[in-house]
Amino acid sequence: MREDNPTWISDWRPEDEAFWNATGKTIARRNLIWSIVAEHIGFSVWLIWSIVATKLPQAGFHYSTDELFQLVAVPGLIGALMRFPYTFAVTTFGGRNWTIFSAAILFIPTLSLAYFVSQPETPFWLMLLIASTAGLGGGNFASSMTNISFFFPDRMKGSALGINAAGGNIGVSSVQLLTPMLMSLGVINLFQATPVGGVYLQNAGLMWVLPIAIAVFGAVFFMNNLSSAKSSVKNQLAIVKRKHTWIMAFIYIGTFGSFIGYSAAFPLLIKTQFPTVTIGIAFLGPLVGSLARPLGGWLADKIGGSIITFWNFIAMAAATIGVLYFVGQKDFTGFLTMFLILFVTTGIGNGSTYRMIPSIFREENLFKVRGKGDAARAMALKTASIESGAAVGFIGAVGAVGGYLIPSSFGKSIAATGGPQVALAVFLVFYASCLALTWWFYLRRGPQTEGAASLAEARV
């Protein structure tokens, strides 16, 4: 790193109001915009197979229903695993630098998909391998959120992270809205693609070539690296020893894991349970969930992340019960209504839980230096910023496992019983456990433990 390199910013003080108003705000917003662009495309690529899998039988691929759900689920698992190295990449290589790389590498899953979906004789194991590369898009979220967490002052992190995440999450809606149209319209023949079984499956990959190029261009010319965000992996790995890292990771499976898992499974779930309904309507779920995410962050900033998260899990449980009832009745209107409500709650929960993370690390670090003076306080805030940035990515990685667990569970449930009810019942029990954890650690009024301030009183 060179101090004279204009892509690196060595003086960054977002908590200094004068600095923020003079220069910080403009730079932070510019980086947020291009972070959203790259993350949006990453999410779109990550969820490509949620649509492609529904069209494979029509194109002559003879895969079972469980195998189709596996094609949808495996990118979720790979995306979750990729988030671990992506989390630490920002503080090692710089946010701008990593955004360039993580966007450019998305050419691999898109171009490989475009080739192999035109080969109906492709064996399942090879198609599963190709689908797994879409998980590269899932890693972008961790690095993007870690990067943006350094740019904004603490009072604005909830809203900034919520907007950044929502911009990325909407990528799920984009791919589920646009892909069915581009695959079915013969007038759209991207790069001279040819139809397979009457469907332009190649378009699902080719449609992202130009947007990926734009994202790389934007990151190169309009983003920055922050010297203050530099930290060794060893220092960041300290978060693994903190109990709140693991508690919040578990809770985040319930919120973001539900969002990405339901998003991935929704089109195929509709196709298997309501065959006469077009999957083109599936984009509504992730759309409302994405739009609700900034609301969750905003409410958490105003009221407290733990309070919003607690009541949100109650709403999630109620919506799950509604889905269970209407899928059993084969009532699509009721099923769709309850699922859309469930998607909204996943979005609100995503925003509120992510707001809790920097607040928890801030309170814990400040408590350790209570009464030790301004210098110690400043160092504690810097440590909290580094740790919360790492925790945001790490927790996001664990939470993304829901992208595999939910579609896989639906596939197993349908294969065993003919319906998704067993899987939904398991999810309901899981939400109850998340509700209990949120209350016990973040809302229950009790004695402080392990040298930490009362997180309930701090309204994290």
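Keep in mind that this is a model prediction, so the values were computed, not measured. Hydrogens, waters and symmetry mates are skipped; everything else that's a heavy atom, side chains included, is used.
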For the residue pair S159 / D301, report whether a side-chain donor-acceptor contact shorter than 3.5 Å exists. yes
4.5 Å side-chain heavy-atom contact, N147 and M223: yes
Nearest-0.5 Å distance, OG1 of residue T91 to CG of residue L226: 11.5 Å
With the side chain counted from C-beta on, respond yes when S227 and I9 share a heavy-atom pair under 4.5 Å apart, and no when they do not. no
Between V45 and A134 the two heavy atoms that sit nearest each other are O-CB, 3.5 Å
For S258 and G254, which heavy atoms make the closest approach, and how far apart are they? OG-O, 2.6 Å
Between the CG atom in L136 and the CD1 atom in I78, the distance rounded to the nearest 0.5 Å is 9.0 Å
Does atom CG (D374) have a neighbourhood of more than 12 heavy atoms from anything else shown, all under 6.0 Å? no
Any W34 side-chain heavy atom under 4.5 Å of T99 side chain: no
State, with a plain yes or no, whether a side-chain heavy atom of F427 is found less than 4.5 Å away from one of S409. yes
Can you name the closest pair of heavy atoms from Y86 and G139 and give their distance? CD2-O, 3.0 Å
If we only count heavy atoms from C-beta on, is the F310 to L435 side-chain gap below 4.5 Å? yes
Exam field: side chain S144 to backbone N140, donor-acceptor pair closer than 3.5 Å: no
So, T255 and Y354: side-chain donor and acceptor under 3.5 Å apart, yes or no? no
Quick one: pull up CZ in F69 and CD1 in I414 and give me the separation to the nearest 0.5 Å. 4.0 Å
Rounded to the nearest 0.5 angstrom, the CG-CG distance for L324 and L424 is 4.5 Å
Within 6.0 angstrom of W20 CH2, more than 12 heavy atoms from elsewhere: yes
Run the numbers on W12 and F151 for ring pair (Phe, Tyr, Trp, His ring centres under 6.0 Å), then give the verdict. CA-CA 8 Å; W12 189 254; F151 276 95; 5.5 Å; yes
Value rounded to 0.5 Å, distance of CD1 in I307 from NZ in K302: 14.5 Å
Distance-only side-chain donor-acceptor flag, S35 / N164, under 3.5 Å: yes
Has N97 got a side-chain atom pairing as donor or acceptor with N225's backbone, closer than 3.5 angstrom? no
Go through the steps to decide whether F394 and W246 satisfy the test ring pair (Phe, Tyr, Trp, His ring centres under 6.0 Å), and finish with yes or no. CA-CA 9 Å; F394 183 87; W246 295 99; 5.2 Å; yes
Can you establish whether the number of heavy atoms outside F84 located under 6.0 Å from its atom CZ is more than 12? yes
Nearest heavy-atom contact between A104 and F107 is O-CD1, 3.0 Å
Interatomic distance, CD@Q176 vs CD1@I281, rounded to 0.5 Å, equals 12.0 Å
Could you check, using the six-membered ring where one of them is a Trp, whether F335 and F339 have ring centers closer than 6.0 angstrom? yes
May I ask you to check whether N224 and R30 show a side-chain donor-acceptor distance below 3.5 Å? yes
Verify whether the ring centers belonging to W46 and F141 lie closer than 6.0 Å. no
Please work out which of the three classes, parallel, tilted or perpendicular, describes the rings of F256 and F43, given edges at 30° and 60°. perpendicular
Q421 versus S413, side-chain donor and acceptor atoms under 3.5 Å: no
Set out, in order, the CA-CA distance, both residues' side-chain angles and the distance that settles side-chain contact (heavy atoms from CB on, under 4.5 Å) for E363 and F367, then state yes or no. CA-CA 6 Å; E363 292 300 321; F367 182 83; over 6 Å; no
Does F430 have its ring centroid less than 6.0 Å away from the ring centroid of F313? no
Testing the basics here: between L443 and S306, what is the closest heavy-atom pair and its distance to 0.1 Å? CD2-OG, 3.4 Å
Taking everything shown except R13 itself, do over 12 heavy atoms lie less than 6.0 Å from its CZ? yes
Decide whether a cation-pi geometry holds between R293 and F259; the criteria are a distance under 6.0 Å from NZ or CZ to the six-membered ring centre and an angle within 45° of the ring axis. no
I'd like to know if the side chain of D331 and the backbone of F326 have a donor-acceptor N/O pair within less than 3.5 Å. no
Looking only at heavy atoms, what is the nearest atom pair of A384 and R362, with distance? CB-CA, 3.8 Å
Would you say R96's side chain and T7's backbone share a donor-acceptor pair under 3.5 angstrom? no
Within the 3.5 Å criterion, strictly below it, is a donor on T309 or S352 matched to an acceptor on the partner's side chain? yes
With M207 as partner, the option from V175, L178, I48, T110 fulfilling side-chain contact (heavy atoms from CB on, under 4.5 Å) is L178
Give the intermediate values and the outcome of side chain to side chain donor-acceptor pair (under 3.5 Å) for residues N312 and T345. CA-CA 6 Å; N312 190 70; T345 60; 4.9 Å; no
Would you say the ring centers of Y442 and H244 fall short of 6.0 Å from each other? yes
Between T54 and I51 (side chain of the first, backbone of the second, donor and acceptor by atom type, cut-off under 3.5 Å), is there such a pair? yes
So S174 and F283, side-chain contact (heavy atoms from CB on, under 4.5 Å) or not? Walk me through it. CA-CA 7 Å; S174 296; F283 82 95; over 6 Å; no
E364 bridged to R242 by N-O distance under 4.0 Å: no
Would you say S388's side chain and P358's backbone share a donor-acceptor pair under 3.5 angstrom? no
side-chain contact (heavy atoms from CB on, under 4.5 Å) between S359 and R355: does it pass, once the steps are laid out? CA-CA 7 Å; S359 297; R355 179 61 183 91; 2.4 Å; yes
Ring centres of W98 and F93 under 6.0 Å apart? yes
Check whether any side-chain heavy atom of N31 lies under 4.5 Å from a side-chain heavy atom of F222, and answer yes or no. no
Validation row: S143, T87 side chains within 4.5 angstrom (heavy atoms): no
Please lay out, stage by stage, how L291 and F343 fare under the test side-chain contact (heavy atoms from CB on, under 4.5 Å). CA-CA 10 Å; L291 294 177; F343 269 109; over 6 Å; no
4.5 Å side-chain heavy-atom contact, Y404 and P75: no
